[in-house]
Amino acid sequence: MMLPYAWLIAALPLLAALAIMFFGRRFKNGGDFIGIAAIAVSFVLSLLVFGQLAGGAESYRFTFTWLNLGGVPVQNGIAVDNLTAVMLVVVTLVSMLVQIYSRGYMHGDVRYPRYYATLSFFTFSMLALVLADNFLLLYIGWELVGLSSYLLIGHWFENPGPRYASMKAFITTRIGDVGLFIGIIVLFLTTGAFGFPEVAAGVAAGKISGTLLTVAAVLVFSGAVGKSAQFPLHVWLPDAMEGPTPVSALIHAATMVAAGVYLVARAYGVFAESTSALAVVAWIGTITAVMAALIATLATDLKKVLAYSTISQLGYMMVGLGVGGYTAGVFHLTTHAFFKALLFLGSGSVIHALHTQEMHEMGGLVKKMPVTAWTFIIGTAALAGIPPFAGFWSKDEILLSAYHYNPVIFGLTLFAAFLTAYYMTRAVVLTFFGKPRDHHKHEHAHESPANMTGPLVVLAVLAVVAGLPGSPLMGNWFGKFIHFGEHEAEAVPAVMVMAIASALLGILVGYLVYGTKLVDRRKAIAVTRPVYSFLKHKMYFDELYAYTVIGGTQALSAVAGWVDKNIVDGLVNAVGWLGAQLGNISGWFDLAAVDGLVNGVAAVVSGAGRRLRRWQTGYVQSYALTFFATVIIGVIIYELIGG
């Protein structure tokens, strides 16, 4: 049985990261082979784990008492079930292909060993998160994923763009992470456990319910909103394109953003008991899917088009989970990993050849880069939901679940499907077809080396076949392997027809606008200028946050600085001055009164001593005379007093 040794799947990339970190520069090619070999072994082990569970093996869980909190023993450990097995395969496969691809894309980079060390650490962090059997360990992996993404997005930190983007990603996702941490604490205080099964059992038993349960679930979901770049914390993901393109592929396909969807799926036992929380998930996903798709229609940076596409597709996954389509949401997470990794690596191949990300500087590359072009087109077809590509089967299941849940959500997600096909057709036409817009770049363009095109071909095959396990052609095997006890949504042929029609219509409109001259884009822009400006400026979210969050923080800092300088420091200085004055008074009193009294007594005693000393003559008759004089004076005084 491989299940008890599943921890090795995460341990191997960690060991590779440490080996490259400390000894990478001593190895040929920066030790990249260590990272690739480690993740390849992890992928094989993941396949073995997946095969055993698919063959009917029972889920495995290993726990131990880690610490005590208030007398409550806190268990820690790993768990391997069907959801874990699917994620292990997805993460290790995509990571392995990205690392192989990086040998060509990152060749000659000044921090090549550091890149591979961080890449392996990134994979370890995600695998640790997936293997966790409790919220606490998941949160540790969650934060390590955030750290890894910060380091990789800012890999070229000598440039201001990556520096800003990495900080923006780190801070924005921290906002959601705070909510997640509070939600975990609320669940622990009410259920007395961190373990996923124990928390779910506590929720089912009514240890937490009503409004408090909804609040806890929404707080947990806020972590997913940050990591998976959902509205309104989506602004970091497009800027994250400043990092190396292979990193973008890994973030968008199998690690960072996938963690948020995985969190909701893993904690579904909590969400399922609160219809209000699920409604929040569904509506946030819907808003995100449409919003990001609209912005993508006018983006000119190829990677940012794909970034907004990822945000939109993550919204789709949240819609699936929110409307009760647990299987549909997880299935789309799985298929999306393959064709989105394909699209990002394909864009990297183009950028590697042309040294630009602007689509308006591309064009006519289909003959120059046929492997990149046709694999990219396959990824586009899968993302657009064209049958029989992978995205069709998974997206269709989400649309079907939305159809049964709410007609408004269904209509909006169908509109997002149309937009997806439209902006991806636009990207394909501008990048690979038509006449070259920059002849100098086009002349120097060439197909990428085999270590870059090889992963593209593998992912293209997966973009074609990865949806079959969830299709009727294989008896909806995926739905039987991954489910949450939900009833299979009743098939509605009209939904499938509308899904296909929206995709085909999007492709047609995209081709008419960008592939032909039937539509004058300049006139269209002039007619729709307000809408065009609104979308071109990404709905002004960055400006809004600059004036409110950033500007508000700066204003608050200025006010706090003024208060500190003029009030706090003034109060401290006043207290200091008063203390100094009291010290002066105390010093004067000590010098004039206390020391004066002491010195005065000494002076009196000294003076009296000097005078009395004169009476010490040494003659007996003088002493006798003094004695008798004293007696006489004493008698006189006595008589006077007595009289």
Side-chain angles (χ1 to χ4, degrees), residues 67-70 136 139-140 142-151 153-186 188-189 212 215-216 218-220 222-223 225-227 232-236 239-240 242 537 540-606:
L67 49 84
N68 282 280
L69 287 178
L136 202 56
Y139 189 76
I140 294 173
W142 187 271
E143 292 301 321
L144 291 177
V145 165
L147 171 64
S148 303
S149 65
Y150 167 78
L151 295 172
I153 294 170
H155 178 74
W156 292 314
F157 54 79
E158 63 272 17
N159 300 321
R163 282 203 309 271
Y164 173 80
S166 61
M167 187 61 69
K168 185 176 182 179
F170 192 81
I171 294 175
T172 305
T173 55
R174 290 291 77 69
I175 296 171
D177 293 355
V178 171
L180 169 60
F181 185 75
I182 296 173
I184 292 173
I185 297 302
V186 171
F188 174 74
L189 293 176
L212 184 59
V215 170
V218 171
L219 284 170
V220 171
S222 68
V225 169
K227 275 289 191 291
L233 299 180
H234 64 281
V235 292
W236 67 269
D239 287 358
E242 292 285 349
H537 288 86
Y540 294 100
F541 276 103
D542 286 326
E543 290 81 357
L544 175 64
Y545 290 157
Y547 283 115
T548 56
V549 179
I550 299 175
T553 302
Q554 291 174 337
L556 182 62
S557 299
V559 171
W562 183 90
V563 170
D564 180 66
K565 182 179 180 180
N566 295 279
I567 297 180
V568 178
D569 286 355
L571 182 61
V572 171
N573 293 336
V575 171
W577 179 86
L578 181 61
Q581 300 309 310
L582 290 174
N584 292 334
I585 294 171
S586 175
W588 175 85
F589 180 79
D590 180 67
L591 182 64
V594 178
D595 288 355
L597 179 62
V598 173
N599 294 335
V601 172
V604 170
V605 172
S606 178

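Both backbone and side-chain heavy atoms feed into the values below; hydrogens, waters and symmetry mates do not. Residue numbers run from 1 in the order of the sequence given. Keep in mind that what you see is a predicted model, and the values were worked out from it rather than measured.
Each salt bridge (Lys or Arg N to Asp or Glu O under 4.0 Å) pair with one or both residues in residues 169-180, not counting sequence neighbours, appears once here: E143-R174, R174-D177, D177-K227.
The CH2 atom of W142 sits 14.5 Å away from the CG atom of L136 when rounded to the nearest 0.5 Å. Here I175 contributes atom CD1 and I171 contributes atom CD1; the two are 8.0 Å apart, rounded to the nearest 0.5 Å. Between N566 atom CG and N573 atom CG the span is 10.5 Å, to the nearest 0.5 Å. To the nearest 0.5 Å, atom CG of residue L582 and atom CH2 of residue W577 are 8.5 Å apart. In this structure, the separation between CZ on F541 and OG1 on T548 is 11.0 Å, given to the nearest 0.5 Å.
Using a 30° and 60° split on the angle between ring planes, H537 and Y540 fall in the parallel class, below 30°.
For D542, the salt bridge (charged side-chain N to carboxylate O under 4.0 Å, His left out) partners at least two apart in sequence or on another chain are K168, K538. With sequence neighbours excluded, the residues that form a side chain to side chain contact (heavy atoms under 4.5 Å, CB included) with I184 are F135, Y139, L180, F194.
Between I153 and A169, the shortest heavy-atom distance links the atoms CD1-CB, 3.9 Å.
Other residues, nucleotides and ligands contribute at most 12 non-hydrogen atoms within 6.0 Å of the CZ atom of F181.
The backbone N or O of G226 lies less than 3.5 Å from a partner atom in the side chain of W236, making a donor-acceptor pair. At least one donor-acceptor pair under 3.5 Å links the side chain of S222 to the backbone N or O of L219.
Proximity of I567 to L571: side-chain heavy atoms (C-beta onward) are nowhere separated by under 4.5 Å. Counting only heavy atoms from C-beta outward, the side chains of S166 and Y150 approach each other to under 4.5 Å.
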